[in-house]
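Each remark here refers to the structure printed beneath this line.
Count residues from 1 along the sequence. Everything quoted here is computed from the prediction, not taken from an experiment.
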Amino acid sequence: MTFHRLQTLTGKLKRLRGQLGAKWSVVVLLIPPSLFGVYQFGPRAALVLAVSVIGCQIAGALPRRLAGESVQLFHPGSVVTGLLLGLTLSATTPVYMIIVGVLVAQIPGKVRFKRWKRNLFNPAALGRTAVAVLEFVDPSVHAAWDKVDAVTGASALFKDAGGHLRPWLSDVFLGFTRGAIGETSDLILIPVGILMLWLVVVKRDAPLAMIFSVPLLVLALPAGADVVGHAPWVVNPAMYFFSSNTLLLAVFFATDPLTTPNTSVGGLLFGIGAATIGVCGRLYTTIPGVEMYGILVMNLAAPGLDRIGRFPARPRHP
């Protein structure tokens, strides 16, 4: 009976995915972490998400409207970009930074180059990087960094998540530590990630390679002086995995069909490369956002990774 119910549920989920389509399915899967973020951080988090989503709609529709083209109200691609951008921000991100991130994500981030038949960067990742640059140059934000331990942050992109007290693994897993809006609860992200990889995503090689590489790299690489001196518990693979933004980046950023490799080998190299850049950045530097930079680097490297994946085999002699 239980197996029959499971089959029935599976069938319903697959039919729903077919009715919604891939993009709206992603939107639906982004709702649980969004709601948890609003619950955890309050109305300010809701404002950040609203500004990001509405801003992406306007920034995406306005050029089409000015060009006399038809405009789709609540375009699912723009909704996904807005939610992903908002989920990687903190609830205290200034509104002007969100607007700049939206513009970067929706204008240069959505340019598709004919030569490569693809976008060079994931739009949400590019927009989030623009916000990270503003956070670096803004004196009011930069002045607060001295009070934050960047090594122990729940997210590499979140400036108020630090602290020198050893966090409980259960709190990190459940999302009770402070972090970016959508990166805090692995209890939410794990089932969402399973549904995403099972029902929606076509390219699974990159996210799976990234997810499995991170704990192995944490075990294999020696920690830098900042980690040993300030947060030695981060070298615990479980603590690192659940306190970083690995799941969110792997499931929603390393699966973008327009900016990730099309070959299985290329996808595996993409995931391993993104994991390596992220882990090395966390273990040896205090650069905020290094994991997001890793995604952008691998986005740029995707055509080359595909060439490696399609490397011709030696011809067979008759």
Side-chain angles (χ1 to χ4, degrees), residues 26 29-30 33 84 87-88 122 124-125 151 153-157 169-170 172-175 179-180 182-224 227 231 233-257 259-285 289-302 304-306 308-309:
V26 176
L29 291 174
L30 286 170
L84 285 176
L87 288 172
T88 58
N122 178 284
V151 178
S155 165
L157 290 171
L169 180 59
S170 58
V172 172
F173 176 78
L174 295 174
E183 299 172 0
T184 54
S185 178
D186 291 277
L187 182 64
I188 302 294
L189 287 174
I190 287 175
V192 165
I194 291 173
L195 290 173
M196 180 78 172
L197 295 176
W198 174 35
L199 295 175
V200 181
V201 171
V202 177
K203 302 176 181 180
R204 300 183 180 90
D205 303 286
L208 291 175
M210 185 174 176
I211 289 170
F212 286 105
S213 295
V214 165
L216 294 177
L217 288 167
V218 174
L219 280 173
L221 297 174
V227 172
W233 55 86
V234 176
V235 297
N236 178 315
M239 181 67 75
Y240 181 100
F241 187 85
F242 293 129
S243 67
S244 69
N245 50 11
T246 298
L247 275 177
L248 187 71
L249 293 182
V251 172
F252 290 104
F253 288 82
T255 57
D256 182 3
T259 61
T260 53
N262 295 315
T263 62
S264 295
V265 173
L268 291 172
L269 295 175
F270 183 103
I272 295 171
T276 302
I277 294 172
V279 172
C280 289
R282 287 288 293 272
L283 293 184
Y284 303 119
T285 78
V290 68
E291 290 159 316
M292 192 67 76
Y293 296 142
I295 292 291
L296 293 180
V297 169
M298 300 315 295
N299 286 158
L300 193 60
L305 298 178
D306 268 339
I308 296 174

Working to the nearest 0.5 angstrom, can you tell me the gap between [X] [atom1] and [Y] [atom2]?
X    : Y    : atom1 : atom2 : answer
D205 : T255 : CG    : OG1   : 12.0 Å
I188 : L29  : CD1   : CG    : 12.0 Å
L283 : L221 : CG    : CG    : 6.5 Å
L187 : S170 : CG    : OG    : 11.5 Å
D186 : N245 : CG    : CG    : 10.5 Å
F242 : S185 : CZ    : OG    : 10.5 Å

With a 4.5 Å heavy-atom cut-off, do [X] and [Y] have their side chains touching?
X    : Y    : result
L269 : I308 : yes
V192 : V251 : no
T88  : F252 : no
F253 : N299 : no
L305 : T263 : no
T276 : S213 : no

- Query: Could you walk me through whether V214 and V279 pass the side-chain contact (heavy atoms from CB on, under 4.5 Å) check?
  - Reply: CA-CA 7 Å; V214 165; V279 172; 4.1 Å; yes
- Task: Please test M298 against T259 for side-chain contact (heavy atoms from CB on, under 4.5 Å), starting from the C-alpha separation and ending with a verdict.
- Result: CA-CA 9 Å; M298 300 315 295; T259 61; over 6 Å; no
Looking only at heavy atoms, what is the nearest atom pair of [X] and [Y], with distance?
X    : Y    : answer
G278 : Y240 : O-OH, 3.5 Å
E291 : T246 : OE2-OG1, 4.5 Å
A125 : M292 : CB-SD, 3.6 Å
G271 : A209 : CA-CB, 4.0 Å
P207 : A254 : CD-O, 3.6 Å
A250 : I211 : CB-CG1, 3.7 Å

- Side-chain donor or acceptor of K203 paired with backbone N/O of T260 under 3.5 Å: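 Yes, because the side chain of K203 sits within donor-acceptor range (under 3.5 Å) of the backbone of T260.
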- Item | Backbone of P222 reached by a side-chain donor or acceptor of Y284 within 3.5 Å |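 A pair under 3.5 Å: yes.
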- List the steps and the verdict of side-chain contact (heavy atoms from CB on, under 4.5 Å) for L30 and L84. CA-CA 8 Å; L30 286 170; L84 285 176; 3.8 Å; yes
